[in-house]
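Some notes on the structure that comes next.
Read the numbers this way: they start at 1 and go in the same order the structure lists the ligands and their atoms. Please read these numbers as outputs of a predicted model, since none were measured by experiment. Only this structure's heavy atoms are used, side chains among them; waters, hydrogens and symmetry mates stay out.
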Amino acid sequence: MEISAKQRLDDFMSGFGRRNPGQPEFHQSVYEVAVDIIPFIRENPIYGDHQILERLTEPDQIIIFRVNWEDDHGHFRANRGYRIQHNNAIGPYKGGLRFHRDLTLDTLKFLAFEQTLKNSLTGLPMGGAKGGADFNPKGKSEQEVMRFCQRFMSVLWHHIGPFTDVPAGDMGVGAREISYMFGQYKHMTREFTGVLTGKGLSFGGSQIRAEATGYGCVFMMENMLNRKGDGLKGKTAIVSGSGNVAQHTVEKIYQMGGKAVTMSDSSGFIFDPDGIDTEKLAFVKQLKNVTRGRIHEYADKYGVEFYKDQRPWGVSCDLAFPCATQNEISGDDAGMLIRNGCIAVAEGANMPTMQAGVDVYDEAKIMYAPSKAANAGGVAVSGLEMTQNSMRLSWSEDDIEKRLYRIMKNIHDKCVKYGTEGGYINYRKGANIAGFVKVADAMVACGNI
Ligand code: GLU
């Protein structure tokens, strides 16, 4: 980066830091974007005149509320609920809800900012949002989860609507929680509308929604490999996580002829050198979605190694799919991946690579699909769910999977359009600029509101 652009970046980030103290994840996500956008704005000064980057890094509004509920022992409990309505320049606010013990405003601000650019990349008319609660779903009974979801929605319903803000799932929030919240929304409003996505199939949900993030991530990888005349077939992949995104990433890798050899949870990872096939994946789905057990049970059942409290980045592979959570790959981990032969990374989780790791990918010039591009398939199928709800019809599984593939190919091609640097494709830069341009043009057109 030339000196004056670097100076501009430093000035911007120090102002941003003053306005958002103690929010390192929000800071990290904005820095990763500003690195590419500030030089782009210098070439396209209209975005500077309209202060688009300054406006885009300030959420439209943030709603924070207390959620009172009662546990199974009759004790009163209080949690904190959030909704960050980040930007609605190109469509209603849209993004998931996360339930996690350690959830903070910082994490949600980074996720909502990323969501705005991600949703723009899908090509569908969706703004960006994120929300959730510091509710820990681990160890809670079915009844407790239901009561919490109902109380959460009994506040949130005031702020959302099919043309205003459409929440969905994220970590700790799946079809079960979405359904309870949808039930409560209906109860409060007496309206049956597509106000949440990820609903059950019999009440407005879409085919392939559950699979979409993982499948889309693998499609993104396939497109990057195809561009080089290569493909997934015969490749060894390491995957982190064992939730919805990781499960469907592993499923699609297997279907496309690759071999996923690892999965993980917060207690460690399993390494299965023979690969995780359909039968073994069915075991993981049962373990994680129904009995809600720990990943070492896979190792016990199939006689493979379990690495307690470790992440899989030291296992040699061709491809890596971080699908667990933010900041799970450090600079050292990224270096280890590359030394062990990894040629491409596609991020199923949101911002799983720390800034030092991104620098390592850049330096090594590997194929690196950042989360806002690689995991956009989930929200893209949410967008298709909204379309089906508005049309009052349902498309077939095959139809949605084809649409998802096309959306991921388009995202890939946009990254190539804006990220070509000589013979190398900088997918991170491509995704940042392509996501930014659409939102920025809408903000310019709509005036200073
Ligand atoms: N939570 C998902 C994401 O990070 C999906 C959001 C949605 O479907 O609205 O993109």
Worksheet entry | Pairs meeting criterion salt bridge (Lys or Arg N to Asp or Glu O under 4.0 Å) with involvement of residues 151-171, two or more places apart | Arg83-Asp165, Arg98-Asp170, Lys130-Asp170
Fill in: Residue of the set Asn136, Asp134, Asn68 for which side chain to side chain donor-acceptor pair (under 3.5 Å) holds with Asn79
Asp134
Worksheet item: Is there a heavy atom of Gln115 sitting under 4.0 angstrom from any atom of ligand 1?
Response: yes
Discussion item. Any nitrogen or oxygen of Lys130 lying under 3.5 Å from a nitrogen or oxygen in ligand 1? Just yes or no.
Written reply: yes
Discussion item. If you take the centroid of each ring, where Trp contributes its six-membered ring, are His27 and Phe16 closer together than 6.0 Å?
Written reply: yes
Worksheet item: Do Asn119 and Thr122 have side-chain N/O donor and acceptor atoms under 3.5 Å apart?
Response: no
Worksheet item: Looking at Phe26 versus Phe110, is the centre-to-centre ring distance below 6.0 Å?
Response: no
Worksheet item: What protein heavy atom is closest to atom 9 (O) of ligand 1, reported as residue, atom name and distance in Å?
Response: Lys94 NZ, 2.7 Å
Fill in: Distance-only side-chain donor-acceptor flag, Gln355 / Gln28, under 3.5 Å
no
Discussion item. Looking only at distances, can you tell me whether any N or O atom of Gly169, backbone or side chain, sits closer than 3.5 Å to an N or O atom of ligand 1?
Written reply: yes
Worksheet item: What atoms in ligand 1 come closer than 4.0 Å to a heavy atom of Ala168?
Response: 7 (C), 8 (O), 9 (O)
Practice prompt. Let me know which of Leu156, Ile63, Leu108, Leu97 forms a side-chain contact (heavy atoms from CB on, under 4.5 Å) with Tyr82.
Written response: Leu108
Item to complete: Out of Val245, Asn119, Asp170, indicate the one that has the non-hydrogen atom closest to atom 1 (N) of ligand 1.
Response: Asp170
Worksheet item: Can you name the closest pair of heavy atoms from Gly96 and Gln115 and give their distance?
Response: N-OE1, 4.4 Å
Discussion item. Using a 4.0 Å cutoff against the non-hydrogen atoms of Gly96, which atoms of ligand 1 qualify?
Written reply: 1 (N), 6 (C), 9 (O)
Response to the item:
ligand 1 atoms nearer than 4.0 angstrom to some heavy atom of Lys118 are 3 (C), 4 (O), 10 (O)
Worksheet item: Is there a heavy atom in Arg209 that sits closer than 4.0 Å to ligand 1?
Response: yes
Worksheet, complete the sentence: Here the atoms of ligand 1 under 4.0 Å from any heavy atom belonging to Asn350 are 4 (O)
Response to the item:
If we number the atoms of ligand 1 from 1 as shown, the ones under 4.0 Å from a heavy atom of Ser382 are 7 (C), 8 (O), 9 (O)
